Amino acid sequence: MIKAIQERIRNYLDEQGYEGLDFIVERPKKRAFGHISTNLAMKLAPLLRKNPYQIAGELAETLFQNIQYLEKIEVIRPGFINFFFKAAYFQSLVEELLAAGADFQKPQLLKKEKIQVEFVSANPTGPLTIGHGRQAVLGDTVGRIFEWFGHEITREYYFNDAGRQMRLLGLSVYARYMNLFGYEAELPDDGYQGDYIIDIAKSIADKWSDKYLNQPENSLFTDFAAESVFKMIQTSLERLNIRHDVYYNEKDLYAEGKISEVLKILEEKNFTYQYDGAIWFKARFFGAEKDRVLVKSSGEPTYRLPDIAYHRQKLLRGFDRIIDLFGADHHATFPDVIAALQAMDLDSSKIQALIHQFVTLTKDGEKVKMSTRKATFVTLDELIDLVGADVVRYFYLMRGADSHLNFDISLAQKESDENPVFYLQYAHARMHNILVHSREKGIESFLEGDCSLLIEDEILEVLDIISEFGEIMETAARTLDPIHLINYLQKLATAFHRFYARHRVVSEDLELSKARLKFILAVKTIITNAMGILGIHTPDVM
RNA sequence: GCCCCGAUAGCUCAACUGGAUAGAGCAACGGUCUUCUAAACCGUAGGUUUUGGGUUCGAUUCCCGAUCGGGGUACCA
């Protein structure tokens, strides 16, 4: 409906020669202002040199005649045009929704895109923390949103199991392994102190007994630790129903010569120079405040170089769109990567960064400072144990990505009974129960029910919200933020609960019951679908 | 110093590309179960949208300055 009006306005503007004019067609906050409203007249006023109120009146009489399901138009000062629809419009949505199912309001795809979403990408040095959890759920859900539109999604995890941190991990495991056999061995300075290190050491001891004593440099410790930690990480993600399609190891970039290729290209294009024994990238040429080192004077590349090579590979792999998730602490890298890609004449506009702010954790009213190395973190697993996967997913998504997320552990635990996610699930369970109840009452079928009997304000309100679903999905995709879908579901559930409290579905009036059962099935369908996109379960019974 | 995010009810946060009387949840107070699940519903109270300017028919939203908080500004990742 909103699209029909938008289109009509656009055609009109084209005819009149005002193609570029930007106007809005929106759903006003107050029902008194109509189901849909436009500011068109106020935008036209300066061009036509006329009073917007007068323009609005004229448009209402001409442009906006013969609109299907239109009940009335109102023109309000200073020049809003407000549209009110007939109940028949909302009733028709029930049939439409039941026919389309999960495809309800899904737009025709102009082009099926190959989209890569890269997220988590934590090096395997320890269990995932609450901070990683936010990125995991956010990335996965963004993928689900694009999947709904019909795009092809690759979920990717980029990691590096070489380097200093991993060596420290190996040495930490080694020390614990020695301890198990009663030998003195100190954790290295900056070593990893978590209990999981001891568990890994035990696994090694179980498997090979004392075979590796006194071999601190044996790569077995690092390799075994990396593999163990990776399993932990995957298990944690699996619990949240998250699976990556591709694990991309930074090592492969070296092995396949991709690092040196990048250096060579940048050098040929004259975007690098040597200074102080290091190789620098002319980042200033692309607007950075200073140039960046790609290869240290030690001959070792900085983190930037593999990042650049990795993103070059992403583009060469043929993705139409690439979405990178990172926390606010890593956002500084991004402009350098983009600049280097541009330097290599690659189309960096395909890459989008989704930067999310930190998760701060409070416990008993106090801030908890988290560090993987010191093991003073709360793991994602602990959080899932505490409140369950559905609540975890929901909580991570219920704040905008660029807002700080404050996770109060004590509160999440204490109040898990009155959690907003249960509000949604409860609505679904109620609907399920109504359908079960109707069968018990002997109503075998209701799909032939007459939707024109659905006339209560509470029902029309729910259907009005349902009519908005497609737009919400588009907003979520455009902004890369599932929070819009969360807010939408809250609104929908609230409207449903209000209806439920005031009207019975199954009653003595068989025809009315059938109509309302159709309505219930329609709402249940859309809630199930939307919750599925968020990766949250819809239990039948609570 | 410079760059990026944020600042909205007591608390945690919404408000779609600038729209009309800024909304939820929690906390507080009062009401509603002999009916399909009260994990719900209804009502009351709670605001100078941090601050000072500017842009315009209209600003929580855009621009400039200030303050506070988080992050970055490495030949760490």
Side-chain angles (χ1 to χ4, degrees), chain A residues 22-24 26-30 32-33 37-39 42 45-46 51-53 76-80 82 123 160 163-165 275-280 288-290 292-304 306-307 327-335 355-358 360 398-408 411 415-423 425-427 429-438 440-441 468 471-472 474-476 478-479 481 483-484 486-488 490-491 493-494 496-507 513 516-517 520 541-542:
Chain A
D22 96 280
F23 60 93
I24 59 166
E26 62 159 4
R27 296 160 186 280
K29 290 170 190 162
K30 305 282 172 186
F33 298 139
S37 170
T38 181
N39 64 352
M42 284 171 291
N51 174 340
Y53 185 71
I76 308 268
R77 290 187 189 280
F80 290 103
N82 299 334
N123 289 340
N160 178 14
R164 180 183 129 82
Q165 292 305 321
Y275 177 76
D276 260 4
I279 299 176
W280 295 70
E289 60 181 308
K290 50 169 129 169
R292 308 291 188 189
V293 171
L294 294 178
V295 181
K296 305 180 207 174
S297 49
S298 64
E300 215 181 338
T302 63
Y303 64 91
R304 257 180 264 272
D307 272 3
D329 56 337
H330 280 212
H331 77 273
T333 315
F334 192 68
I355 297 165
H356 60 87
Q357 298 298 313
F358 278 14
T360 48
M398 70 193 277
R399 301 295 175 233
D402 52 17
S403 287
H404 284 257
L405 177 61
N406 185 12
F407 219 126
D408 189 328
L411 203 73
E415 298 194 334
S416 62
D417 267 9
E418 45 197 48
N419 208 287
V421 68
F422 295 133
Y423 187 77
Q425 292 180 323
Y426 187 55
R430 276 181 151 177
M431 289 183 254
H432 178 81
N433 197 51
I434 291 169
L435 295 175
V436 169
H437 178 77
S438 75
E440 287 166 356
K441 285 282 180 183
E468 201 182 349
E471 294 155 50
I472 295 294
E474 281 172 21
T475 301
R478 188 183 68 243
T479 59
D481 200 334
I483 192 180
H484 299 101
I486 293 266
N487 291 341
Y488 176 79
Q490 281 297 329
K491 201 163 82 171
T494 300
F496 169 76
H497 283 307
R498 184 180 297 130
F499 157 77
Y500 182 94
R502 292 184 186 174
H503 304 283
R504 285 190 60 81
V505 174
V506 180
S507 65
S513 298
R516 289 184 178 176
L517 282 165
I520 293 298
V541 179
M542 288 181 72

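All figures in this text were calculated on a predicted structure; none of them were measured in a lab. Residue numbers begin at 1 in each chain, while the letters A, B, ... track the order of the sequences.
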Over how many whole Å does the gap from A:Ile434 atom CD1 to B:U35 atom C1' extend?
-> 12 Å
Pairing partner of B:A39, by Watson-Crick or G-U wobble and under 3.5 Å for both distances, is none
Pick base, sugar-phosphate or nothing for A:Val541, based on heavy-atom distances below 4.0 Å to the nucleic acid.
-> base
Measure from the ring centre of A:Phe33 to the centre of the six-membered ring in the base of B:A20, then say whether that distance is under 5.5 Å and the planes meet at under 30°.
-> yes
For B:C42, does either OP1 or OP2 sit under 4.0 Å from a side-chain N or O belonging to A:Arg498?
-> yes
Check every strand shown and say whether A:Ser297 touches a base, only sugar-phosphate, or nothing at a heavy-atom separation below 4.0 Å.
-> base
Start at the 5' end of RNA chain B and walk down; is the nucleotide closest to A:Ala501 or to A:Ile483 reached first?
-> A:Ile483
At under 4.0 Å between heavy atoms, what does A:Gly327 touch on the DNA or RNA strands: base, sugar-phosphate, or nothing?
-> nothing
C1' atom, B:A9 versus B:U60: distance in rounded Å?
-> 14 Å
At under 4.0 Å between heavy atoms, what does A:Ala427 touch on the DNA or RNA strands: base, sugar-phosphate, or nothing?
-> nothing
Please tell me if the side chains of A:Thr494 and A:Tyr423 come closer than 4.5 Å, counting only heavy atoms from C-beta onward.
-> yes
State the CG-CD distance between A:Leu435 and A:Glu440, to the nearest 0.5 angstrom.
-> 11.5 Å
If we take the P atom in both B:A14 and B:A7, what is their distance in whole Å?
-> 8 Å
Mind checking the C1' distance from B:G25 to B:U67? Whole angstroms is fine.
-> 30 Å
Just checking A:Ser37: base, sugar-phosphate only, or nothing, at a heavy-atom cut-off of under 4.0 Å?
-> base
To the nearest angstrom, the NE2-P distance between A:His330 and B:C5 comes to 18 Å
How close or far is atom P of B:G25 from atom CD of A:Gln490, stated in whole angstroms?
-> 9 Å
Tell me the partner of B:G58, counting only Watson-Crick (N1-N3 plus N6-O4 or O6-N4) or G-U wobble (N1-O2 and O6-N3) with both under 3.5 Å; none if nothing fits.
-> none
P atom, B:C16 versus B:U55: distance in rounded Å?
-> 24 Å
Taking atom P in both B:C36 and B:A45, compute the distance separating them and give it to the nearest angstrom.
-> 35 Å
C1'-based separation of B:G43 from B:A59 [nearest Å] | 33 Å
For A:Ser403 and B:A14, is the shortest distance between a side-chain N/O and OP1 or OP2 below 4.0 Å?
-> yes
Which part of the nucleic acid, if any, lies within reach of A:Phe80 when heavy atoms closer than 4.0 Å are counted: base, sugar-phosphate only, or nothing?
-> base
What nucleic acid atoms does A:Glu26 come within less than 4.0 Å of, heavy atoms only: base, sugar-phosphate, or nothing?
-> base
Could you give the CD1-to-C1' distance, from A:Ile24 to B:A15, as a whole number of Å?
-> 13 Å
Between B:U73 and A:Lys290, is there an OP1 or OP2 to side-chain N/O distance shorter than 4.0 Å?
-> no
Straight-line distance of A:Glu474 CD to A:His484 NE2, nearest 0.5 Å = 13.0 Å
Could you state the CZ-P distance from A:Arg430 to B:C33, rounded to the nearest angstrom?
-> 15 Å
Whole Å only: how far is the CZ atom of A:Arg304 from the C1' atom of B:G72?
-> 11 Å
Could you check whether A:His503 gets within reach of a base, just the sugar-phosphate, or nothing at all, counting any heavy atom under 4.0 Å?
-> base
B:U67: pairing nucleotide in any strand, Watson-Crick or G-U under 3.5 angstrom = B:A7
Main-chain N/O of A:Ala401 paired to A:Asp481 side chain as donor or acceptor, under 3.5 Å = yes
In whole angstrom, give me the gap between the P atoms of B:U21 and B:A39.
-> 39 Å
Spacing of A:Asn406 atom CG relative to B:C11 atom C1', expressed in whole Å | 10 Å
Under 4.0 Å between a side-chain N/O of A:Lys30 and OP1 or OP2 of B:G23, yes or no?
-> yes
May I ask you to say what A:Ala278 touches in the nucleic acid, namely base, sugar-phosphate or nothing, with a heavy-atom cut-off under 4.0 Å?
-> base
Please tell me which of the listed nucleotides, B:C36, B:A77, B:A39, lies nearest to the side chain of A:Tyr303?
-> B:A77
Interatomic distance, NE2@A:His503 vs CZ@A:Arg516, rounded to 0.5 Å, equals 6.0 Å
Is the phosphate of B:C41, meaning OP1 or OP2, less than 4.0 Å from a side-chain N or O of A:Tyr423?
-> yes
When we call it a touch if two heavy atoms are under 4.0 Å apart, what does A:Arg77 touch: a base, just sugar-phosphate, or nothing?
-> nothing
Per atom distances to the A:His497 side chain, the nearest of B:C41, B:U60, B:C76 is B:C41
Checking all strands, does A:Asn39 fall into the base, sugar-phosphate, or nothing category for heavy-atom contacts under 4.0 angstrom?
-> base
Could you tell me whether A:Asn160 contacts a base, only the sugar-phosphate backbone, or nothing, with contacts defined as non-hydrogen atoms closer than 4.0 Å?
-> nothing
Once you round it to whole Å, what is the distance between P of B:C3 and NE2 of A:His331?
-> 12 Å
What's the spacing between A:Met42 CE and A:Arg77 CZ if we round to 0.5 Å?
-> 12.0 Å
Classify the glycosidic conformation of B:C33 as syn or anti, calling it syn when the angle lies within 90° of 0.
-> syn
Provide the distance between the two C1' atoms, one in B:U34 and one in B:C29, to the nearest whole Å.
-> 29 Å
